[in-house]
Amino acid sequence: MPRPAVPHRSNLRREIAALAARMIAEDGIADYGFAKRKAARQLGAVNADELPNNAEIEAEVRTYLAVFQDEEHLERQQAMRLAAIEVMRELEPFRPYLTGAVLEGTAGRYAEVEIDLFPESAKEVEIFFLNQNVAYEHREPRRNQPDGPEAILVFDWGDVPIRLRIYAQDSERVSRRAAHGSRQMERARLAVVEALVSNTPAPLGSPS
């Protein structure tokens, strides 16, 4: 199979960002780093300085969603934020924060609602789920992250996939970096998410 033609160098960075954005929006790839490396291989890029940064990819994701999934994207975003509100209300004793693509407004078709919790212990959350008869699965956290979660639990809320990352209680005020890059992750408490759904502006990232 012949290799695809390599775009002109001045356009290559944008081409990589656009292809990575399509993968994120359509194929369910959540890791920006993986998406841009895969896109770079497909387009024949060989130099690190040809790779776009996460801000460039995020801009292309927003453009792609606006062009190809506009009405569908808005409906999905609203439904996922409403699901996040319901889950956060249930988990309020564990200090939930919404983060990731659903908060940022870049959730593609296969996105999960990502919620960070800061309980006294991860076992408290599991005991709560068992008492509420909520079926969940464990996912293994990345062990090379110094500020990574103690546990990851995934489950479905209706037809909306939820991913809970459970952190030590004393790390609540520590700024966190996105798993798919070096930028700081935004996060929002329940009142902020409720404001987003009702179209009332509210600041992100401030612990309450």
Side-chain angles (χ1 to χ4, degrees), residues 1-81 83-84 98-116 137 139-145 147-149 152 154 156 159-165 175-188 196 204-205:
M1 181 177 176
R3 293 182 63 184
V6 179
H8 190 274
R9 187 180 181 88
S10 62
N11 297 326
L12 184 55
R13 190 182 181 99
R14 174 69 180 273
E15 293 287 336
I16 294 170
L19 180 55
R22 184 185 63 76
M23 292 175 179
I24 291 164
E26 296 290 347
D27 301 337
I29 297 176
D31 187 317
Y32 280 28
F34 175 79
K36 67 184 175 184
R37 289 191 297 272
K38 184 175 181 180
R41 286 196 300 272
Q42 290 189 16
L43 292 173
V46 295
N47 298 321
D49 60 2
E50 294 169 336
L51 295 179
N53 58 38
N54 288 339
E56 291 172 292
I57 294 176
E58 183 172 324
E60 290 293 336
V61 170
R62 292 182 185 278
T63 298
Y64 187 93
L65 292 172
V67 173
F68 296 104
Q69 299 183 25
D70 188 17
E71 185 173 347
E72 173 195 345
H73 167 65
L74 293 176
E75 291 176 356
R76 180 175 56 251
Q77 175 178 279
Q78 187 78 348
M80 297 186 82
R81 285 177 174 173
L98 180 64
T99 188
V102 174
L103 174 62
E104 295 170 352
T106 58
R109 288 194 177 103
Y110 302 101
E112 299 171 305
V113 172
E114 300 176 61
I115 297 174
D116 292 349
E137 296 179 12
R139 296 288 169 84
E140 189 69 19
R142 293 184 180 181
R143 297 304 179 187
N144 60 348
Q145 292 179 282
D147 60 347
I152 296 175
V154 296
D156 290 333
D159 60 355
V160 176
I162 309 291
R163 175 179 291 261
L164 300 180
R165 289 187 293 259
S175 63
R176 204 165 309 285
R177 298 292 173 180
H180 50 61
S182 60
R183 65 189 178 88
Q184 184 173 325
M185 294 183 73
E186 299 285 4
R187 60 184 187 180
L196 286 174
L204 300 180

Item to check | side-chain contact (heavy atoms from CB on, under 4.5 Å) evaluation trace for Arg13 with Lys36 | outcome: CA-CA 10 Å; Arg13 190 182 181 99; Lys36 67 184 175 184; over 6 Å; no
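- By the side chain to side chain contact (heavy atoms under 4.5 Å, CB included) test, Asp156 pairs with Pro161, sequence neighbours left out.
- The salt bridge (Lys or Arg N to Asp or Glu O under 4.0 Å) search around Glu75 returns none, not counting sequence neighbours.
- Remark: Glu137 pairs with Arg139, Val154 by the side chain to side chain contact (heavy atoms under 4.5 Å, CB included) rule, at least two apart or across chains.
- Although no hydrogens or angles enter the test, the distance criterion places no donor-acceptor pair under 3.5 Å between the side chain of Arg187 and the main chain of Asp116.
- Scanning all heavy atoms of the two residues, the minimum distance from Thr99 to Arg165 falls at CG2-NH2, 2.9 Å.
- Scanning for salt bridge (Lys or Arg N to Asp or Glu O under 4.0 Å) contacts around Arg22 gives an empty result, with sequence neighbours left out.
- At distances below 3.5 Å, at least one donor-acceptor pair connects side-chain atoms of Arg81 with backbone N or O atoms of Val102.
- Residue pairs meeting the ring-ring contact (aromatic ring centres under 6.0 Å, His included) criterion with at least one member in residues 40-66, sequence neighbours excluded, are Tyr64-Phe68.
- Listed by chain and number, the residues in a side chain to side chain contact (heavy atoms under 4.5 Å, CB included) with Ala17 are Pro52, Ile57, Glu60 (sequence neighbours excluded).
- Taken to the nearest 0.5 Å, the CG atom of Asn47 stands 9.0 Å off from the CG atom of Leu12.
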Checklist entry - Hey, mind stepping through Ile115 and Arg163 against side-chain contact (heavy atoms from CB on, under 4.5 Å) and telling me if it holds? => result CA-CA 6 Å; Ile115 297 174; Arg163 175 179 291 261; over 6 Å; no
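- By the side-chain hydrogen bond (donor to acceptor under 3.5 Å, both in side chains) test, Arg62 pairs with Glu58, sequence neighbours left out.
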Item to check | CA sep, side-chain torsions, deciding dist, call: Leu196, Leu98, side-chain contact (heavy atoms from CB on, under 4.5 Å) | outcome: CA-CA 11 Å; Leu196 286 174; Leu98 180 64; 5.6 Å; no
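- Rounding to the nearest 0.5 angstrom, the gap separating the CD1 atom in Ile24 from the OG1 atom in Thr106 is 8.0 Å.
- With sequence neighbours excluded, the residues that form a side chain to side chain contact (heavy atoms under 4.5 Å, CB included) with Phe34 are Ile29, Asp31, Arg37, Lys38.
- Rounding to the nearest 0.5 Å places CD of Glu50 at 12.0 Å from CG of Asn11.
- For the atom pair Glu26 CD and Leu65 CG, the distance stands at 8.5 Å (nearest 0.5 Å).
- Note that CD of Glu186 and CD of Glu104 are 7.0 Å apart. Values are rounded to the nearest 0.5 Å.
- The salt bridge (Lys or Arg N to Asp or Glu O under 4.0 Å) check on Arg76 picks up Glu72, with sequence neighbours excluded.
- Without hydrogens or angle criteria, Glu56 side chain to Asn53 main chain gives a donor-acceptor distance under 3.5 Å.
- To the nearest 0.5 Å, atom CD1 of residue Ile152 and atom CD of residue Glu140 are 8.5 Å apart.
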